[in-house]
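I have placed the structure first, in the form of structure tokens, so that the comments after it can refer back to it.
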2 protein chains.
Amino acid sequence: MATTSFTEENYLKTIYAIASRQQGEVSTNALAEMTATRAASVTDMLKRLADKGLIHYKRYQGVRLTDEGERLALTIIRRHRLWEVFLVDKLGFGWDQVHEMAEELEHVRSDELVTRLDAFLNHPQFDPHGDPIPTPAGLMPDVTYRKLADLVPTEEACLMGVLDHSASFLQHLDACGLTLGSVVKVSEISSFDRSMQVTIVPDQALFVSHDVAKNLLVSE
Amino acid sequence: MATTSFTEENYLKTIYAIASRQQGEVSTNALAEMTATRAASVTDMLKRLADKGLIHYKRYQGVRLTDEGERLALTIIRRHRLWEVFLVDKLGFGWDQVHEMAEELEHVRSDELVTRLDAFLNHPQFDPHGDPIPTPAGLMPDVTYRKLADLVPTEEACLMGVLDHSASFLQHLDACGLTLGSVVKVSEISSFDRSMQVTIVPDQALFVSHDVAKNLLVSE
DNA sequence: ACTTATTTTTAGGTTCATCTAAAAATTTAT
DNA sequence: ATAAATTTTTAGATGAACCTAAAAATAAGT
Ligand SMILES: [Mn+2]
Ligand SMILES: [Mn+2]
Ligand SMILES: [Mn+2]
Ligand SMILES: [Mn+2]
């Protein structure tokens, strides 16, 4: 029940993020890189998180979230994503503008606030970037997307999310008219550079580089 | 332009709050009491705020906000009150529940966020407790209220705000049916304990103790 | 005016979150 | 297997924000 600081919460989120795209323990160096701090600072913090029972930590062996740590990480991710929905749906921000604000809003501590915000937003399942919103109990819904880059000609699919969350990538998608929810159909793939000719259904023809296609998630 | 910390922002708000209900400089002790810290800690912070040009400070002489300090204090108060409006009007919280959450939300740093929130709320002039919302430029609108306790029989006035912001006082008002915006008419004042017999127009008779009446603001 | 009481400041410490530099453990390469 | 490279940890500092205890300045009381 001890109170977790702003900084501790960010470490938990970062451990979760790294762990979810690899298997095995998360390394001190990976955390130092992600949090833009030095490895020595990470070690310090890992000891503190281990003392609080939020991570499993053995020196030189990397870390893994405990059940409690994961639950906490997911409630913070839940808050982050709900605030992003609020900022886009209610305040009219672009999906490329909301991440930094959500980084601060996610630390506002009130369960009742999250509950009411969720209701106010009509219990959204996904944030503006297509990422699933963890449940109130702290469970991540598992969604299985494919990358647009993995489709073959004549396949049709709905744009569901992005892997690259950078403002520049999101702005590029805006400029191309690639909006989440659109249905796209692959017409042709260049064997030279794997660039794709796609149609945004019903009839908007579009050229998509492999760099873009491999960062676009689709479902079908 | 240097960044102001969470803590510094709270000190500025506190200095403003104390200064606005007295004349002359704000004492170290008063600040220590309000911030629930020790006088020595306050002195530390005052030096830092003075270095940043946010307060006028001469040792042993108390402090006063600089123009820049006051502008900053008022933008934070603006954010606090806008978030309180959001929590009550949009999320349906009671006016007795929102202060603590607003204490955290007010520190989320984004001018664009405040601008859009203000528009989303339809540019409210007052927060749920009847306190005026400072302008985007950092100016406090001056409103002049009277206390209900200062009215005499047959006077009628509109309930505009509260002086006591405690949850227990606000809940007591809820229980009595004393809502901001109601029009009340004083019928009788006891010369013994200054308690009031009032009518919530059109016809709800009510007994109001002096303790309550002196914390209720009315205008007319 | 002088003594006493109060307020404020200084001095010296603590904890959190960071840092650099050096030591220790682990991993990789020959 | 031994040496070299890499990763991780320890050791020792720093700054922010707090603390207690003692000293200094100001205000009050006689
Ligand atoms: Mn985000
Ligand atoms: Mn997102
Ligand atoms: Mn408040
Ligand atoms: Mn208020």
Side-chain angles (χ1 to χ4, degrees), chain A residues 1-15 18-19 22-65 69 72-73 76 103-104 106-107 109, chain B residues 1-15 18-19 22-65 69 72-73 76 103-104 106-107 109:
Chain A
M1 291 292 112
T3 184
T4 48
S5 75
F6 196 101
T7 313
E8 288 167 339
E9 292 187 351
N10 283 333
Y11 270 91
L12 292 178
K13 260 203 329 173
T14 306
I15 294 168
I18 297 174
Q22 55 167 53
Q23 80 292 49
E25 327 298 291
V26 173
S27 77
T28 301
N29 256 10
L31 282 166
E33 173 151 353
M34 274 286 269
T35 56
T37 60
R38 297 318 184 95
S41 308
V42 172
T43 301
D44 258 17
M45 179 56 83
L46 295 183
K47 286 175 187 164
R48 231 168 311 132
L49 292 175
D51 283 350
K52 293 196 176 186
L54 299 171
I55 58 173
H56 295 290
Y57 171 58
K58 266 163 287 179
R59 61 200 185 330
Y60 290 102
Q61 304 312 151
V63 291
R64 191 163 41 82
L65 292 172
L72 229 170
I76 297 155
E103 282 295 311
E104 300 194 41
E106 72 189 6
H107 301 290
R109 237 171 290 279
Chain B
M1 292 291 112
T3 185
T4 48
S5 75
F6 196 100
T7 314
E8 288 167 340
E9 291 187 351
N10 283 333
Y11 269 90
L12 292 178
K13 261 201 330 173
T14 307
I15 294 168
I18 296 173
Q22 56 167 51
Q23 80 293 49
E25 326 298 292
V26 174
S27 77
T28 301
N29 256 10
L31 282 166
E33 174 150 351
M34 274 286 267
T35 57
T37 60
R38 298 318 184 93
S41 308
V42 172
T43 300
D44 257 17
M45 178 58 83
L46 294 183
K47 286 175 187 164
R48 230 167 312 133
L49 292 174
D51 283 348
K52 293 197 177 187
L54 299 171
I55 58 172
H56 296 289
Y57 171 57
K58 266 162 288 178
R59 61 204 187 323
Y60 290 102
Q61 302 313 148
V63 291
R64 190 164 41 82
L65 292 173
L72 229 170
I76 297 156
E103 282 295 310
E104 301 194 41
E106 73 190 5
H107 300 289
R109 236 173 290 279

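Quick note on labels: first sequence line is chain A, next is B, and so on, each numbered from 1. Values below: all heavy atoms of this structure, side chains included; hydrogens, waters and symmetry mates excluded.
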Using a heavy-atom cut-off of under 4.0 Å over every strand shown, decide if B/Thr7 touches base, sugar-phosphate, or nothing.
sugar-phosphate
When all nucleic acid strands are considered with a 4.0 Å heavy-atom cut-off, which category describes A/Phe6: base, sugar-phosphate, or nothing?
nothing
Phosphate-side-chain proximity, [X] and [N], N/O vs OP1/OP2 below 4.0 Å:
X: A/Arg38; N: C/dT18; value: no
X: A/Thr37; N: C/dT18; value: no
X: B/Tyr11; N: D/dC18; value: yes

What is the distance from atom CG of B/Leu31 to atom OG1 of B/Thr37, rounded to the nearest 0.5 Å?
8.0 Å
Could you list the residues that satisfy side chain to side chain contact (heavy atoms under 4.5 Å, CB included) with A/Glu103, not counting sequence neighbours?
A/Asn10, A/Lys13, A/His80, A/His99, A/Glu100, A/Glu106
List for me each residue that meets side chain to side chain contact (heavy atoms under 4.5 Å, CB included) alongside A/Arg59, sequence neighbours excluded, and say none if there are none.
A/Tyr57
Quick one: what's the B/S/- string for nucleotides 6-12 of chain D, heavy-atom cutoff under 4.0 Å, read 5' to 3'?
-SBBB--
Side-chain (A/Arg109) to main-chain (B/Glu104) donor-acceptor, under 3.5 angstrom
no
Please state how far atom [atom1] in [X] lies from atom [atom2] in [N], giving the value in whole angstrom units.
X: A/Met45; N: C/dT15; atom1: CE; atom2: C1'; answer: 12 Å
X: A/Asp51; N: C/dC16; atom1: CG; atom2: P; answer: 10 Å
X: A/Glu9; N: C/dC16; atom1: CD; atom2: P; answer: 16 Å

Closest approach of A/Lys52 and A/Thr3, non-hydrogen atoms and distance?
NZ-O, 3.0 Å
Minimum heavy-atom separation for B/Gln61 to B/Glu25, with atom names?
O-CG, 3.3 Å
